[in-house]
*Asks:* 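My structure is below; once you've seen it, I'll send some questions.
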Amino acid sequence: MPEARGPLPARGALPWLLGWTALLLAGGFVIVRMDIAERREAFQADARIAHRLLSQRMVQHDAIVETLVLLGPSSAADPQGAERRLGAIYPQLLAVHRRRPDGAWPDEALREAEARSRASRHAEVAAFDAAQGRYALVLAGEPDSVALRIDLQRTVPWDTWPLPRAGPVQVALQHGAQRVLLQPGEPVASRPVGLTGGFSFTKALASPGQPFELQLQRATGPAQWPWRGLAAWAALSGLALAVLATRRAQRRERDRAQALLRLEQTARLGTLGELAGGIAHELNQPLAAVLANTQAARRLLDDQPPELATARDAMAQAAAQARRAADVLARLRRLVEAPDAARPQTPVLLQAVVRNAAALLAPEARRRGITLVIEGDAPAVLGDAVAVEQIVHNLAANAMQALEAVPASERRLVLGVRRDGARGLLSVRDSGPGIPPDALPLIFEPFYTTKPGGLGLGLSLCESLARAMHGTLAVRPAPPRGAEFELALPLAAAPADTASTQDKT
Ligand code: ADP
């Protein structure tokens, strides 16, 4: 027979943990998504501002170089003065070159750019130096042509710039195949990690002569996730689930206590109530008749002369009523010994009964320091589930009381189930003081008790219930110390070769 041995199953924690994990994942996903959407919006807004600011600067360069070409021949008084002052107003302008009709450019690139400018009729970029972030802007004019040397870093208006200079956004200007980094930002992974591949913004600056493409990039990934928000969510959802779990545990505990109370009340009412009510009702009438007859007999005997014949009749009546009272008592006793013989018999799984009982008793056992163990396995028996529960409960309650007499470390209560031929056995074994050998034959007698205030009806009721289900209830010592009560009930589907055994019970 397979035997499962072990402490009571610890129910509950795992489903809550799984639920919490699911909540964490779902909530976390939403929080990260919302945060990313918010940051993308802010990034796009900043990028548009940056684009406008740099475009304005480029347009400014175009305007300056055009003005210088126009002013060229008329600034005769101090032709170089205005150009020198430009550097103070526009720090990005490193130098201004002016080629007179008879002059030459300091380098070839400027000359080529002038030729291009003449053809395109707008300023042209020359000598783009990505390493230094510099270029020249050349506009061909008559009679003079003008070139500006421009520093890109200084072109950025840092005082009104929307992005912190040492912030996470990388800003660059692309010109053809060359790229100038305006601010480094955080390194952007080439392979995107996390929920998005980061944000990016690319747009050409609004100047036909300076075809730069503004590029902004920002990394997103676990490092950028809103960890504080996620931690708050974890704490909040965990707390909410903990409160829920506690409430449910409390409700279960309350239900369990109520079930226990009901069981106890049923047991007490079932025995005491029925018995007391029955006795009162059945004995009232014969006792009243005994009293009336004896009083009448006394009066008849007091008469002068005494009415002996009638008095004798009255005494005979009294005796008959007293006999009836004795019959009533005998009948009541039979009732106690075989209650509810007609209750329907259905298949009952002893393990299920034992598990239920253990679950009900577990808190009380814990309080009393009792190790509660369930073990074994058996096919279904034929019986009345309520009656079996009642028996287990009574036996276990007795065992827990008996265990009070031994030190807490030695308190052990085993609820066992096994099969024995055509019978299913349910045993309740304790490591208490046991039952003295001379008390063993008396233990199932009604009103036998060793407890102050005990009724001595629990075991006799259990035995009656067992018999009503065609079963037996036995007791034996449980070495090294303690008592073992064993309920035997016929199996629901008895094997053919043991059918006669079942009939016998
Ligand atoms: P009550 O519990 O009211 O005394 P019971 O019929 O349930 O009535 O029990 C009768 C007596 O049997 C108890 O008073 C006790 O002396 C003895 N008894 C019952 N169960 C045990 C047990 N597990 N260990 C020792 N004695 C027991």
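Both ligands and their constituent atoms are indexed starting at 1 by order of listing.
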*Asks:* State the atoms of ligand 1, each with its element, that fall below the 4.0 Å cut-off from a heavy-atom position in T449.
*Replies:* 1 (P), 4 (O), 14 (O)
*Asks:* Between ligand 1 and T450, is the shortest N or O to N or O distance under 3.5 Å?
*Replies:* yes
*Asks:* Quick one: look up the protein heavy atom nearest atom 2 (O) of ligand 1 and list residue, atom name and how far away it is.
*Replies:* K451 NZ, 2.7 Å
*Asks:* Looking only at distances, please establish whether an N/O atom of ligand 1 is found under 3.5 Å from an N/O atom of L459.
*Replies:* yes
*Asks:* Would you say G432 contacts ligand 1, with heavy atoms under 4.0 Å as the rule?
*Replies:* no
*Asks:* Between Q215 and Q217, do the side chains contain a donor N or O and an acceptor N or O under 3.5 Å apart?
*Replies:* no
*Asks:* Give the atom numbers and elements of ligand 1 that come within less than 4.0 Å of a heavy atom of I443.
*Replies:* 12 (O), 17 (C), 18 (N)
*Asks:* What atoms of ligand 1 come within less than 4.0 Å of a heavy atom belonging to I435?
*Replies:* 25 (C), 26 (N), 27 (C)
*Asks:* Grab the two heavy atoms, one from L182 and one from V156, that are nearest each other, plus how far apart they are.
*Replies:* CD1-CG2, 3.7 Å
*Asks:* Looking only at distances, can you tell me whether any N or O atom of Q401, backbone or side chain, sits closer than 3.5 Å to an N or O atom of ligand 1?
*Replies:* no
*Asks:* I need the nearest protein heavy-atom contact for atom 8 (O) of ligand 1: residue, atom name and distance, please.
*Replies:* G456 CA, 3.3 Å
*Asks:* Restricting to non-hydrogen atoms, name the atom on G229 and the atom on I31 that form the minimum distance, rounded to 0.1 Å.
*Replies:* O-CD1, 4.1 Å
*Asks:* Which of the atoms of ligand 1 are close to N398, meaning less than 4.0 Å from one of its heavy atoms?
*Replies:* 2 (O), 5 (P), 7 (O), 9 (O), 19 (C), 20 (N)
*Asks:* Using every non-hydrogen atom in the two residues, find where E404 and R411 come nearest and quote the distance to one decimal.
*Replies:* O-NH2, 3.6 Å
*Asks:* For atom 10 (C) of ligand 1, grab the closest protein heavy atom and report residue, atom and distance to one decimal in Å.
*Replies:* Y448 O, 3.3 Å
*Asks:* Suppose we measure from atom 24 (N) of ligand 1 to each protein heavy atom; which comes out shortest, and what is that distance?
*Replies:* A402 CB, 3.5 Å
*Asks:* Starting from atom 23 (N) of ligand 1, which protein heavy atom do you reach first, and at what distance in Å?
*Replies:* D430 OD2, 2.9 Å
*Asks:* When you look for heavy atoms under 4.0 Å from ligand 1, do you find them on the side chain of N394, its backbone, both, or neither?
*Replies:* neither
*Asks:* Assess G434 for proximity to ligand 1: is some non-hydrogen atom of it under 4.0 Å away?
*Replies:* yes
*Asks:* Would you name the heavy atoms of L350 and G424 that are closest together and state the gap between them?
*Replies:* CD1-C, 3.9 Å
*Asks:* Can you tell me if F485 has a non-hydrogen atom under 4.0 Å from ligand 1?
*Replies:* yes
*Asks:* Any donor and acceptor pair, going by atom type alone, linking the side chain of W233 with main-chain N or O of L23 inside 3.5 Å?
*Replies:* yes
*Asks:* What class does the angle between the rings of W225 and W227 fall in, given that below 30° is parallel, 30 to 60° is tilted and above 60° is perpendicular?
*Replies:* tilted
*Asks:* Anything under 30° is parallel, anything over 60° is perpendicular, the rest tilted; go ahead and classify F201 against H51.
*Replies:* perpendicular
*Asks:* For L413 and A399, which heavy atoms make the closest approach, and how far apart are they?
*Replies:* CD1-CB, 3.8 Å
*Asks:* Please report the closest heavy-atom contact between C462 and I391, naming both atoms and the distance.
*Replies:* O-CD1, 3.7 Å
